[in-house]
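What follows is a set of notes on a single structure, which appears directly below.
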Amino acid sequence: MTTDSHALTTVEHSPVGGLAHDARGGISNPVLGMILFLTSEVMFFGGLFAAYFSIRAQSFQGWPPPPFDKENPLEIFPLVGPATVLLIISSFTAQFGIWAIRRNDRTGFIRNIAITVLLGVVFLIMQGIDYTILASKGLSLDAGPFGTTYFTLTGFHGAHVLGGVVMLSVILYRGMAGQFSARHHDAVEATSLYWHFVDIVWIALFSTLYLLPGTTVG
Amino acid sequence: MLGIATLVVVVVFLGILAARGNVVDQLGNVWGSFFPPAATSTQGSEIRGLYDIVFLLAAIIFLLVEGLIVFAVVRYRRKPTDTELPPQIHGNNLLEVIWTLVPTLLVLFLFFVSWRTLNDVDRVDAAAPVQVRAVAARFQWSFEYLSPDGKQIQFKQFEPKMFVPVGQKVHLRLQSADVIHAFYVPQFLFKRDVVPGKENSFDFTADQAGTFRGQCAELCGEGHFAMQFTVEAVPPDQFQSWLQQQIDNAAKQSQQPAASAPASGQPPASGQPPASAAPSGQAGATTLALTAKGIAYEQQSLEAQAQAPFTIAFDNQDDGIPHNVDIHDQGGNSVFKGQIFPGVATQNYAVPALPAGTYQFVCDVHPNMTGTLTVK
Amino acid sequence: MATTVLHPPTTAPGYRSGLYEWVTTTDHKKIGILYLVNSFIFFFFAGLLALGVRAELAQPGIQFFAPTTYNELFTIHGSVMIFLFIIPILAGFGNYVVPLMIGAPDMAFPRINALSFWMLPLGGLMIAAGFLAGGGAAAAGWTSYTPLSEAKYMGVGEDLWILGLVLVGTSSILGAVNFLVTIFKLRAPGMTMFRIPILVWTVLVTAVLVLMATPVFTSALIMLFIDRNYGGHFFDPASGGNAILWQNVFWFYSHPAVYVMILPAMGMISEIVPVFSRKPLFGYRAFVFATAGIGALGFSVWAHHMFTTGSVYLPFFSLMTALIGVPTGVKFFNWIATMIRGQLRFSTPFLFSLGFLTMFLIGGINGAFSAAVPVDFALHDTYWVVAHLHYVLFGGSVFGVMAGVYYWFPKMTGRMLNETIGKIQFVLMFVGFNLTFFPMHMLGLAGMPRRIADYSSAAGWSELNLLASIGGFTIATSMLPFLWNIFVSLRNGEIAGDDPWEANTLEWATSSPPPPYNFDRLPPIRSERPLFDLRHAASTVGHAGAAAAPATEPGA
Ligand code: HEA
Ligand code: HEA
Ligand code: CUA
Ligand SMILES: [Cu+2]
């Protein structure tokens with residue numbers, strides 16, 4: 001059974017030393033990993049959206065159903081609209097940060113990431129205020145299928161923003177410690193991809209929840 | 001080794017058959033068990049026709065592929081003389097195209113025959129002559145007989161027995177009071193889910209008289225296994241008179257609600273005693289306690305005195321679930337039938353005097369709830 | 001299974017094996033072994049629950065378990081078998097073998113790899129802990145259909161089930177990212193995509209399925225959790241929800257998931273059959289495309305579990321379901337063509353592979369019955385489906401896993417498993433398996449619904465059920481020689497050497513067990529069988545080591 005005979009004497013030297021084996025060009029491992037992870041995130045939100053649309057389609061009370069109907073619609077102003085704009089801007093600042101570090105411009109990088117973190121935090125605060133306003137009007141997680149879907153979708157998005165803020169803060173901290181350079185900033189690239197994703201999800205959410213016209217049932 | 005294993009399976013199998021009598025007969029039975037029971041509805045017969053086609057196709061594919069494996073295993077075992085490598089074949093385009101195309105054609109054929117059958121068995125005719133709604137709730141079935149337009153309930157049958165006329169199409173609507181159930185009659189080769197918040201329906205035509213076992217086929221909780229019913233197909237005239245009688249009864253009852261409501265009855269021709277509890281209040285000498293809990297009788301056996309009326313204090317502990325006590329003699333005839341009522345509640349059944357003997361009591365709603373009554 | 005079990009006979013420098021080392025390791029090989037051991041522990045647990053089921057069903061009447069308990073038994077049996085045995089154990093093989101097969105030193109993200117693993121025992125314990133919770137474990141079936149699984153009907157056990165599965169799902173997703181990056185980025189020079197072993201291809205497609213499908217399931221679980229605990233209205237039709245929505249989301253995940261449970265097993269068979277036939281796999285490329293095809297079609301058939309709901313478009317799902325037989329058939333014919341004109345060696349790994357071929361075929365064909373929708377109207381939710389799922393999952397995946405254990409055990413431990421005991425195990429398992437699950441076809445046709453705690457003696461199902469119960473205990477018996485074999489072979493098994501099977505792929509080019517970071521040097525990779533090329537070149541022509549070999553440097 002033991003056929004050790006063809007020991008690898010005929011082979012040239014070891015090609016694999018350590019773990020640093022991803023140098024075959026193209027995207028780096030962390031960035032590829034993040035892209036793949038975001039694929040799964042897309043599917044996660046896809047599941048939530050599918051639930052939203054299927055419940056919406058079969059609602060026999062129109063959409064949104066009471067208590068959130070014509071008299072009492074969701075408000076884009078003063079909070080949610082501006083928050084949306086801020087989140088979109090933060091995607092740009094994140095990207096400016098990337099471009100800065102690619103140029104090895106560390107101050108520009110730190111400044112832009114700091115603004116991004118700030119905008120993220122402001123977004124979360126505004127969403128929190130909006131939640132309390134909605135709650136005061138009687139819209140909560142358990143207030144009918146609309147409340148359930150609304151808070152689940154926006155809540156999971158908010159949790160992702162929070163996660164993004166934490167990740168960006170770590171990036172900021174490491175940036176200020178001087179750990180990133182034009183050649184070495186995979187973590188920054190990966191985090192900014194995540195941040196763009198969070199932004200895009202919000203645009204989809206905003207369009208669905210606020211812009212898509214409701215339906216009425218006679 | 002695989003051969004030995006297969007052989008063991010076959011020998012064990014034949015051994016079991018031999019132990020049970022004539023092997024040839026038994027083999028016939030085994031062959032029969034590869035098929036569904038004989039269909040008793042026209043739709044079921046169509047499905048059976050389709051099953052036979054699929055079975056034939058499957059058997060051919062199975063024998064062919066399994067045969068090829070066995071052939072390879074027997075023919076190409078390594079011999080001591082095999083020192084040289086066998087020919088290193090990496091593939092063969094023609095072969096691979098063939099064994100992609102042939103199964104594709106088979107699959108398309110399978111799809112088309114099943115589509116054709118599907119269109120037949122899935123067709124619904126909302127104007128069918130008989131309109132019934134099966135209502136499933138944890139854990140029992142009841143049947144509402146609807147007016148021809150399907151809008152009004154003419155009467156509701158609480159006992160899980162559904163009477164239908166032979167040869168007439170029945171439009172069956174399905175309604176659930178709580179979770180998902182499924183209406184399944186093996187001899188119709190058919191089932192359909194009973195989904196809360198959504199009315200499913202299908203049509204069937206029983207093509208012979210008889211009693212067909214049915215059972216809930218979707219897990220619905222601890223009493224799922226007990227959610228049984230029967231479909232009784234009777235000649236149309238018998239069905240009509242039964243239906244009329246039930247409608248009349250229902251009308252009478254709604255006029256005098258105080259009367260002890262008999263559970264719904266039998267078709268007149270079935271020769272069973274009229275379903276009614278002895279007038280209550282006239283308590284017998286002895287009282288037997290009987291409790292129903294978790295879709296089972298807590299007392300599996302009761303004892304009573306012969307030739308003396310007695311009372312069963314029936315305590316239904318199952319919240320919202322109806323039960324009753326129906327006493328059968330050795331011949332299976334009902335000698336006493338208590339009223340069906342939902343828990344949590346208690347009723348005293350006054351049972352008339354019975355001759356000595358062993359009786360069985362069952363719940364008409366849950367045929368798996370049984371016990372024995374010894375009268376001496 | 002104590003940790004000593006895993007002590008490598010030859011201790012390479014820096015390859016410590018203390019308990020601490022096992023808990024903190026990020027080495028893909030140790031993590032792979034952890035996956036396997038953990039999965040087998042859950043297998044025995046779920047198997048014991050199945051024995052409970054079989055004991056109860058052996059005769060009509062309620063003998064051992066109250067109906068509620070019975071429902072808990074099969075629910076946890078199915079859930080644990082699927083989520084904590086079959087899926088993780090295949091991921092475990094992938095973990096151990098994939099980096100070796102592509103000539104990589106480890107997985108791309110070793111620490112995430114360790115994290116993925118440790119979520120599993122945690123999630124599994126949560127699911128099992130339901131038995132200790134008030135109100136018992138989850139009892140709505142492994143499919144947990146709503147509204148039965150809502151708070152109104154199910155207790156805390158259901159919440160534990162949900163949270164446990166969220167953990168297990170997250171573990172799968174992280175694992176899938178890891179596999180994909182590893183396969184895309186860490187291949188050794190010369191290891192082009194069309195030279196990676198078929199097992200690696202199947203792991204790749206599996207990872208894609210996990211990545212696309214599992215998060216949808218996670219979202220469904222979370223919605224159910226919200227319904228149950230925070231007054232949500234997703235699935236309860238009584239308050240504006242949609243009961244069928246759960247089934248759509250669940251099966252959107254769970255049908256692709258059944259291919260997660262079979263593709264890696266098919267991959268293992270595709271490694272083993274050529275080695276023991278001494279021939280290359282017939283139709284490598286066809287195999288790759290068939291695997292991808294199964295993966296792609298797998299996303300368009302989920303509603304074949306919902307044919308009787310009255311809520312899906314039947315002809316479409318019927319056609320897609322039937323079509324999936326075609327790529328699977330291609331695989332079958334390729335395996336058979338590999339054996340034909342070969343020189344078959346009946347060692348235990350090959351025996352189990354033959355078990356896979358003969359039994360999975362039955363499971364595939366009886367699955368195809370259900371593709372004919374009207375036939376499924378008869379068969380759905382009867383024991384026919386129980387027969388189908390065990391023929392594919394046990395006859396397919398478990399036989400594949402056993403083949404894999406016997407095949408790679410020498411690599412993992414440096415010692416061979418005992419052939420005689422292996423054959424005894426095989427015969428017992430094969431016989432017991434058929435005895436248990438073949439009669440279920442007949443029970444299903446005769447109209448026995450699944451998930452029932454009891455049946456009437458008048459139904460005529462008693463004999464076949466008794467037979468199945470005897471079979472179930474026979475399968476359990478077959479586990480004793482298996483455990484014994486592992487136990488004795490770890491101590492006294494024949495020393496395996498680097499390449500006991502005359503195999504084809506790179507993992508056999510390093511020592512058994514491999515050193516940390518796997519390879520000191522790699523052979524040149526010019527085909528999907530680098531070791532075959534090497535062996536053949538060395539023994540006949542002797543021109544190996546020629547200039548054609550790619551020059552490769554560490555970390556180049
Ligand atoms: C490893 C897991 C696995 C695999 C691989 C499969 C493979 C298949 N399954 Fe199975 N299935 C399950 C696991 C799996 N299944 C489980 C767990 C359930 C039950 C879930 C539950 O409700 O609890 C289930 C249930 C299930 C149902 C629902 C039944 C019901 O509830 O009513 C259906 C319906 O169509 C189905 C179909 C198929 C088909 C067509 C395949 C095909 O992929 C099979 C293809 C293979 C072949 C066909 C054989 C080889 C091919 C040839 C030799 C070529 C020639 C063949 C033809 C021309 C047909 N499966
Ligand atoms: C990989 C998947 C897998 C595997 C391997 C098995 C293995 C087995 N299954 Fe399972 N089964 C499922 C997946 C699986 N099952 C699923 C998904 C369902 C559907 C659940 C649902 O409806 O929700 C199901 C349902 C199911 C049912 C239907 C229940 C019902 O509908 O009411 C039955 C009934 O007999 C059954 C039986 C068995 C048996 C006897 C085994 C045997 O193979 C088990 C063999 C026994 C052992 C392996 C135990 C060995 C243990 C020892 C020898 C002790 C040693 C102990 C230590 C070392 C600590 N299974
Ligand atoms: Cu009702 Cu099962
Ligand atoms: Cu499926």
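Quick note on labels: first sequence line is chain A, next is B, and so on, each numbered from 1.
With a 4.5 angstrom heavy-atom cutoff, C/Asn242 does not touch chain B via any of its atoms. For C/Arg450, the part sitting under 4.5 Å from any heavy atom of chain B is the backbone (N, CA, C, O) and nothing else. Neither the backbone nor the side chain of B/Ile53 comes within contact range of chain C; no heavy atoms are under 4.5 Å apart. Contact of C/Leu435 with chain B is made through the side chain alone, with heavy-atom distances under 4.5 Å. Residue contact with chain B, scored on non-hydrogen atoms closer than 4.5 Å, involves the side chain of C/Pro237 exclusively. With a 4.5 Å cut-off on non-hydrogen atoms, C/Leu148 touches chain B through its backbone and its side chain both. With a 4.5 angstrom heavy-atom cutoff, B/Val54 touches chain C via backbone and side-chain atoms both.
The aromatic rings of C/Phe282 and B/Trp99 sit tilted, their planes meeting at an angle between 30° and 60°.
Using a 4.5 Å cut-off on side-chain heavy atoms (C-beta onward), C/Arg341 and B/Pro86 make no contact. Proximity of B/Val65 to C/Phe333: side-chain heavy atoms (C-beta onward) are separated by under 4.5 Å at one or more points. A heavy-atom distance below 4.5 Å is not found between the side chains of B/Asp193 and C/Met306. Counting heavy atoms from C-beta on, the side chains of C/Pro449 and B/Cys216 never come closer than 4.5 Å. C/Phe377 has its side chain within reach of B/Asp122: a pair of non-hydrogen atoms, C-beta onward, lies under 4.5 Å apart. Taking the side chain as every heavy atom from C-beta outward, B/Ile180 and C/Thr146 never approach each other to under 4.5 Å.
Heavy-atom minimum distance, C/Gly447 versus B/Arg213: O-NH2, 3.7 Å. Here the closest non-hydrogen pair linking B/Asn200 and C/Thr309 is ND2-O, 2.9 Å.
Taking B/Phe139 as the reference, nothing meets the ring pair (Phe, Tyr, Trp, His ring centres under 6.0 Å) condition, with sequence neighbours excluded. Evaluation of the ring pair (Phe, Tyr, Trp, His ring centres under 6.0 Å) rule for B/Phe35 yields B/Trp31, B/Tyr51, B/Phe55 as partners, not counting sequence neighbours.
Judged by the 6.0 Å and 45° rule, C/Arg451 forms no cation-pi pair with B/Phe225.
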